[in-house]
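Just so we're on the same page: letters track the sequence lines, and every chain starts at 1.
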Amino acid sequence: MSSLVHVDSLTKYFDLGRGQRVHAVDGVSLDIAEREIVGLVGESGSGKSTFGKAVLGLHDKTSGTVSWRGEALPAKYRPRDFQRWAPYMQMIFQDPYSSLNPRMTVGEIIGEGLRLHSNSSTSEIRDRVANWLLRVGLQPDHMSRYPHEFSGGQRQRIGVARALIMEPEFVVCDEPISALDVSVQAQVVNLLDTLKTEMGLTLLFIAHDLSMVRYVSDRMAVMYLGSLVEIGPADEVFFEPKHPYTQVLVASNPEPDPNLERQRVSTTITGEIPSPVNIPPGCRFAERCPMAEPECRATTPTLRPLKASPQRQVACFLVE
Amino acid sequence: MSKTPLLAVEDLAVEFATYGGRVKAVRGVSFSVDAGQTLAIVGESGCGKSVTVQTVMGLIPIPPGHITGGSARLRGREILGRPILDGKDIRGDQIGMIFQDPMTSLNPTMNIGSQIAETLQVHRGQTYKQAFARAVELLEMVRIPEAERRAKQYPFEFSGGMLQRAMIATAIACEPAVLIADEPTTALDVTIQAQILDLMMELQRSKDMAIILITHDLGVVARMADEVAVMYAGQIVEKGSVDDVFYRSSHPYTLGLRAAMPSNDREHGHRLHPIDGSPPDLFHPPVGCGYCARCPHAMRVCAEQPPATHAINTSGSHYSRCFLHHPDARDKRVPGIHYPEAGA
């Protein structure tokens, strides 16, 4: 499989001053193949959004590289770099309420990318915006309205149209559905699925809803406190989780089925995700891990392929 | 019914006067809960589930809110329309409430212990010192480590999960008979959600509280609820035991909600079935069924007349507000819909 996006030990620290640093993303490597959907799950504070933004250059990288079809992308984007790369990669944001400029009409919001990145005339842009409004299930005459006139689901469709009108090859979806109602989540997921098939998109789908990520993704990556702990085919990770953290995540995910819920033994773990400031050595999950051994607190485990199925990788000493 | 239920809401209707006209947010909602029981109210945003419980709590500002009908009785005593600024109010005393967003629901300028203590000072007449000591005990009860030190901290020093624990501590400070939880875990991660849900169940068992849980997450419902009320456009469209609603769904909206959620069945296809369209405008609620415009099985009558509730089981504890259960429509067997046994 040829990889479209190759991320090599990407690191993003935020300096807090006085020698304190937030280790938001710490040495994450990930290959995303063409037309693949990779789901990235993790709790809030695990660094998944920072990772997505750093891949697209919306955050500067502290170290590590991201390459696009073998060509390294800049560590710190200048305006010229955005101009060059934006047509290839786009982002759909989490909050459909705050990610659309309230002073711009929907037509201006969706058409802005074309205005900046192509030589299209105003009328061409308008035609393409109208066409995209239809494609995402809105009406062309919605173009002259403002974001506040739309519901959450409709706004998320506007966000989808804004990202996809550039016909990018790669889209980072940062929790595109978590602000929406259940019935509307399914509308947006199916829309993304249809457009993905039509346009041959490659997606990095960031979410915390495990069931939804399994549904959407080919591969699932699990992030904890800035590093990947497990990655593999989505169904395998979801149904046979290997890393203790993935096991906890899956076990905490409530099933919409009362009989299954009644049989459930309580599997909650105590504690919360620790602060990502000045992380101690060793496995990051060791503090909360029910199976932690002395070795886990001394050395940091790295992702290793499983013996039984090499396409799965787990960062845990206790898993073979 | 032989005995008076702990909390019984009957035919509640609430409207709001706005510049755009009157919004009919709740249009005739009835339910009851008993001690030790959990009732889940499920529905999309804007369906009126929060307004319903806020009205019961007396949290609706009047005006613009306006209770146009119905009653809510706690142990048989009417609690609607009581003067809400009375310190001896049942709110916070006999009915406790937890809100969705723990980050914004606590006072940022008061330390956590004092906020919990305030409830006890107001309702139990305790001194600050007594109340604060009790607050520390309550924080221990909701498993906040180093409760004594934590009680002196402010909300910004707590994580989301801990704030929600602190809010639960406040809500249960006066040992209320009913705990209303409005989307208590929506803002939290799954592992923290599991911890909070476990804590709520444990407190319910030890104190024999009734819980009214408002949520849109069917997974949380399956885990917590004894009874489920599904709300749509200001009305309960289906109500029954958790098994009735999940395994014998008899309203198209309930079916639609279930189909829109990803199932955790490995064999299941990778395509969700969304409910097309969006909920109706409650400024001008439809004449007929509220779900009519989105319902794949809508008949002509659905747009013309409001559907009545039809009992699905013999006791009537499971009912559906849908014309598909009308005697005249029984022949139109819609696949997936559970129909009552003959004679029921």
Side-chain angles (χ1 to χ4, degrees), chain A residues 41-46 137 151-154 178-191 193-194 208-218 234-236 238-239 245 248-262 264 266-273 275 288, chain B residues 42-47 143 145 159-162 185-199 201 216-225 228 241-243 245-247 253 256-266 268-279 294:
Chain A
V41 290
E43 290 176 86
S44 24
S46 61
S151 70
Q154 288 174 322
S178 51
L180 307 175
D181 272 314
V182 181
S183 68
V184 182
Q185 284 189 348
Q187 292 175 6
V188 174
V189 164
N190 281 354
L191 171 69
D193 190 50
T194 309
H208 63 258
D209 181 343
L210 281 175
S211 319
M212 200 55 102
V213 169
R214 174 187 84 83
Y215 234 82
V216 171
S217 320
D218 303 313
D235 275 5
E236 287 183 34
F238 187 86
F239 291 106
Y245 177 63
V248 165
L249 265 191
V250 172
S252 310
N253 188 39
E255 304 260 354
D257 185 330
N259 279 341
L260 287 179
E261 282 298 326
R262 277 189 280 262
R264 174 196 294 275
S266 180
T267 41
T268 55
I269 47 164
T270 50
E272 296 176 7
I273 191 163
S275 151
R288 294 168 83 192
Chain B
V42 200
E44 296 179 56
S45 16
C47 74
R143 302 228 189 73
S159 69
M162 292 210 316
T185 56
T186 307
L188 306 175
D189 285 309
V190 279
T191 57
I192 310 298
Q193 166 170 287
Q195 293 173 4
I196 297 288
L197 295 181
D198 278 2
L199 174 67
M201 283 196 274
H216 62 260
D217 185 336
L218 292 179
V220 172
V221 176
R223 181 172 205 147
M224 300 286 289
V228 182
S241 71
V242 66
D243 286 356
V245 171
F246 276 86
Y247 300 129
Y253 178 62
L257 267 189
R258 284 180 45 216
M261 281 194 72
S263 92
N264 293 336
D265 181 351
R266 202 169 185 164
H268 209 280
H270 281 239
R271 187 85 187 167
L272 301 170
H273 303 279
I275 306 175
D276 289 328
S278 46
R294 301 172 83 182

| field | From CG (A:L260) to CZ (B:R223), nearest 0.5 Å | value | 12.0 Å
| note | CD (B:Q193) and NE2 (A:H208) are apart, to the nearest 0.5 Å, by 8.5 Å
| Among B:A225, B:A259, B:A222, B:G256, which has the most heavy-atom pairs under 4.5 Å with chain A? | B:A222
| message | Please classify the contact of B:M162 with chain A as side chain, backbone, both or neither, using a heavy-atom distance under 4.5 Å. | response | both
| message | Donor-acceptor check, side chain of A:E43 to backbone of B:V190, threshold 3.5 angstrom: yes or no? | response | no
| Side chains of A:R288 and B:T191: closer than 4.5 Å at any heavy-atom pair? | yes
| note | Heavy atoms of A:P258 and B:V242 approach each other most closely as CG-CG2, 3.7 Å
| What part of B:R294 gets closer than 4.5 Å to chain A, counting heavy atoms only: side chain, backbone, both or neither? | side chain
| said: If I compare all heavy atoms of B:V220 with all of A:P254, which pair ends up nearest, and what's the gap? | reply: N-CB, 4.0 Å
| field | Interface moiety of B:V221 toward chain A, non-hydrogen atoms closer than 4.5 Å | value | neither
| query | What distance do A:E261 atom CD and B:L197 atom CG have between them, rounded to the nearest 0.5 Å? | reply | 9.0 Å
| request: Heavy-atom distances under 4.5 Å only: say whether A:S44 touches chain B with side chain, backbone, both or neither. | output: both
| Region of B:E44 that comes under 4.5 Å of a non-hydrogen atom in chain A | both
| field | Closest non-hydrogen atom pair between B:P274 and A:N190, with its separation | value | CD-ND2, 3.1 Å
| field | Interface moiety of A:D209 toward chain B, non-hydrogen atoms closer than 4.5 Å | value | neither
